[in-house]
Every structure is written in structure tokens, then in C-alpha cells.
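Structure, as C-alpha cells:
One-based numbering, in listed order, for ligands and for the atoms of each. Starting from 1, each residue takes its place in the sequence as its number. Computed from a predicted model, the values in this text were never measured in an experiment.
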Amino acid sequence: VLFEIKDLQKKFGSLTVFDGLNETICKGDVVVIIGPSGGGKSTFIRCLNLLEQPTAGKIYFEGEDITAKGFDVNRHRQKVGMVFQQFNLFNNLTVLENITISLTKVKKQSEEESKEKALKLLKRVGLEDKANAYPSQLSGGQKQRIAIAGVLAMRPQCIVLDEATAMLDPIGRSEVISTIERLNRDEGITVVLITHHMNEAEHADRVIVMNEGRVAMDGAPREVFAQVEKLKSIGLTVPDTVELLYELRGAGCDLPLTAITVDECADAIARCFGKSAKEDN
Ligand code: ADP
Ligand code: MG
């Protein structure tokens, strides 16, 4: 277990965003949080690295109460890195300098050592050839991967992404998601990711649906997305694959709703039509 969240409450003045929220986030998982706007997703994940201070309840990180008085917030923020919708890069610095700056300033490492490390970090996000470029010369997806490299410089155990793909085109989105999935798979970094793009949840270990400050659904992607009507009733969509299967079922096809990836969906449809073709003969 990485995070244990107990009876968490966050109020902004008279507005209660959530109260009595309980969650567990396991080490090495990819957890995707979806839900209608204003439901408290951002507030919740900002509490995880204490960008927001909860108004009641506890958050344990590896068993340690991070809401306790005197807790070292800065050290914790290095362990739990945040990536935002905006790229948060210095446009007047090169890609390499954008990363070395956090190593020299935050990690207090020498210029030379930082440079060497920064190049390795760029390699981990597949952008070592962009070291001397300026952010303005990069695509959105590349900028966001530089931001991720900057977060990796802190050697985080967990990366939290708040709609980090919202400003990107489809190619940029898939670049960022596959980078994140690779970091999770190869390095065991825990990922908590908020998105409005349902297909970004297809490889997640868990999908949490947050609505009006409550966890409305929580489970494996195929468990959650198979509940098409429930998701629609709270104003959400499902991945296009599931939507297609849902429509075909409505038209009388015998199809499961649990084929989420394009490959699974195509297989399910081929099997269905293959079978009915045989039956026709
Ligand atoms: P989501 O990310 O799911 O869209 P948020 O966590 O951003 O939801 O917001 C939840 C609620 O908290 C909203 O009603 C929002 O207006 C309110 N809220 C968020 N941040 C603040 C803040 N700093 N001050 C006051 N209200 C806030
Ligand atoms: Mg938000």
C-alpha cells in the first residue's frame, strides 16, 4: 500500500468538496480517476502531495501520516510528483536546462552531474535528441514529456497527473500515456491520473469514478466501463470501443461490454459475426 486515505474532508469556506472519503492506492498501480467537472478529483489528488491541506481526516503514505504537524512537506513532494495540464516549463531555457535547474536548485547537485543526469532523464522519456531545443520548438506531447522528465529528476515513487493530456492532440496524448505506462511497467512508479479521455484508462489497474465528492464506482476498467448506463446517468462517456459494443448489443448482437481495447473490441465483433455467419449457412 502506498496511500491510505481515511475519512478525508476538504472544505473551502462553506463549500464541502468531500467528507469521509476513504481510499487505498497500492504501490505499482496505475489508478485513473474520472468524473464530472467539479466532483473533487483535482482537490483529492492535490491532497496527496499536500498542495491542498485536508480540513479533516488522515492520509498515510507508506504508513506515515503526512497530515501530521511538522511533517516534511517538501520531501514528500519529491516522492509524489505532479504533472499539470499546463506544461510548466521555462520557455527561455533549453530542454536540458529545464531539467538541470531542478537538479541543481532542489537536489543541490553540481552542474556537471546534473547535466549527465538530465540527459539520462530525457532518454527515459524518449527525448534525448531534444536536449538543446527550446520548449517553443516542441509539440505539446513533447513538452509534457519534458515536464515528466523534470518530475522524474526528483526520483518520485508516485506521479500524479491532473488532466495532463487535456491540451494535447491525439498523438501527443498517446505519447504521454505510453511514456507514463512504460515508467510504471519498467520502473514500478505508481501513477494516479485524472482524465476526461476514457480510452486513457484502458490499461489501468483501477478506475475510480468520483462524483460530487464521493467515489461512485471503483474497479478494474472492464468492470467500471461495462456499466454504461450508470456512467451515462452521471454525465460520463465510455471508451468508443465500449460505446460501439453497447450500440451493437442494442441492435441485438450478442456482444460483451468488456472488450475495451480496439483489438479486443475487433475480436469480439469478428467472433460475433463469424458465428452468426456460420449459423446462417
Ligand atoms: P474536479 O477536478 O473534479 O473538476 P475540483 O476538485 O477542481 O473538481 O473542484 C471541486 C469543487 O471545489 C468545485 O466546486 C470547485 O469550484 C471547488 N474548489 C476547488 N478549488 C477551490 C479553491 N481553491 N477555492 C475554493 N473552491 C475551490
Ligand atoms: Mg480538475
Side-chain angles (χ1 to χ4, degrees), residues 2-25 29-59 61 66-67 73-74 76-77 80-89 140-141 143-144 147-148 151 156 158-169 172-173 176-177 180 190-202 204-219 221 224-225 227 230-239:
L2 193 65
F3 280 106
E4 187 81 57
I5 294 112
K6 294 270 185 217
D7 289 325
L8 203 67
Q9 181 202 68
K10 179 65 188 180
K11 289 188 179 184
F12 291 110
S14 61
L15 173 77
T16 302
V17 182
F18 44 75
D19 195 1
L21 192 68
N22 291 289
E23 261 311 326
T24 302
I25 293 170
D29 270 3
V30 174
V31 178
V32 171
I33 304 178
I34 59 174
S37 286
K41 303 180 298 296
S42 294
T43 306
F44 171 60
I45 67 163
R46 289 164 67 86
C47 286
L48 297 180
N49 84 340
L50 299 173
L51 280 177
E52 294 291 353
Q53 194 66 42
T55 41
K58 301 256 177 243
I59 302 175
F61 180 80
I66 69 169
T67 54
V73 174
N74 289 327
H76 179 68
R77 288 198 186 138
V80 182
M82 270 267 192
V83 182
F84 301 93
Q85 191 171 325
Q86 313 80 351
F87 309 118
N88 288 339
L89 297 177
K143 282 188 215 179
Q144 199 58 294
I148 292 169
V151 168
C158 178
I159 300 184
V160 177
L161 303 100
D162 192 350
E163 297 190 31
T165 60
M167 311 262 277
L168 305 178
D169 60 19
R173 285 207 298 274
V176 167
I177 293 297
I180 284 292
T190 307
V191 175
V192 182
L193 180 158
I194 297 175
T195 186
H196 286 293
H197 295 281
M198 299 305 166
N199 64 315
E200 292 177 7
E202 66 185 36
D205 294 293
R206 236 173 108 196
V207 176
I208 295 174
V209 182
M210 228 177 142
N211 186 32
E212 296 175 349
R214 289 200 178 80
V215 173
M217 297 161 83
D218 182 350
V224 169
F225 289 126
Q227 298 178 63
K230 188 166 178 191
L231 287 163
K232 288 189 173 184
S233 76
I234 55 176
L236 295 175
T237 58
V238 295

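Residues H76 and V73 have side chains not in contact (no heavy-atom distance under 4.5 Å, counting atoms from C-beta outward). Contact annotation: the side chain of V83 never approaches that of V176 to less than 4.5 Å [non-hydrogen atoms, C-beta and beyond]. R77 is not listed as a side-chain neighbour of M82, based on a closest heavy-atom distance of 4.5 Å or more. By the 4.5 Å heavy-atom criterion applied to side chains, E23 and L8 are not counted as neighbours. Residues V32 and E200 are not in side-chain contact: their nearest non-hydrogen atoms beyond the backbone lie 4.5 Å or more apart. Side-chain contact between F12 and T43 is present, with heavy atoms from C-beta onward closer than 4.5 Å. Between K6 and N22 the shortest side-chain heavy-atom distance falls below 4.5 Å.
Contacts of ligand 1 (protein heavy-atom distance under 4.0 Å) are F12, L15, V17, P36, S37, G38, G39, G40, K41, S42, T43.
Around the Mg ion (ligand 2), the protein contributes the following N, O or S atoms at distances under 2.8 Å: S42 OG.
Shown here for V17 and G40, the closest heavy-atom pair between the two residues is CG1-CA, 3.6 Å.
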Note to self: Checking V207 against M217 for the side chain to side chain contact (heavy atoms under 4.5 Å, CB included) test, could you report, in this order, the C-alpha distance in whole Å, the side-chain angles of both residues, the deciding distance, and whether it holds?
What the structure shows: CA-CA 8 Å; V207 176; M217 297 161 83; over 6 Å; no
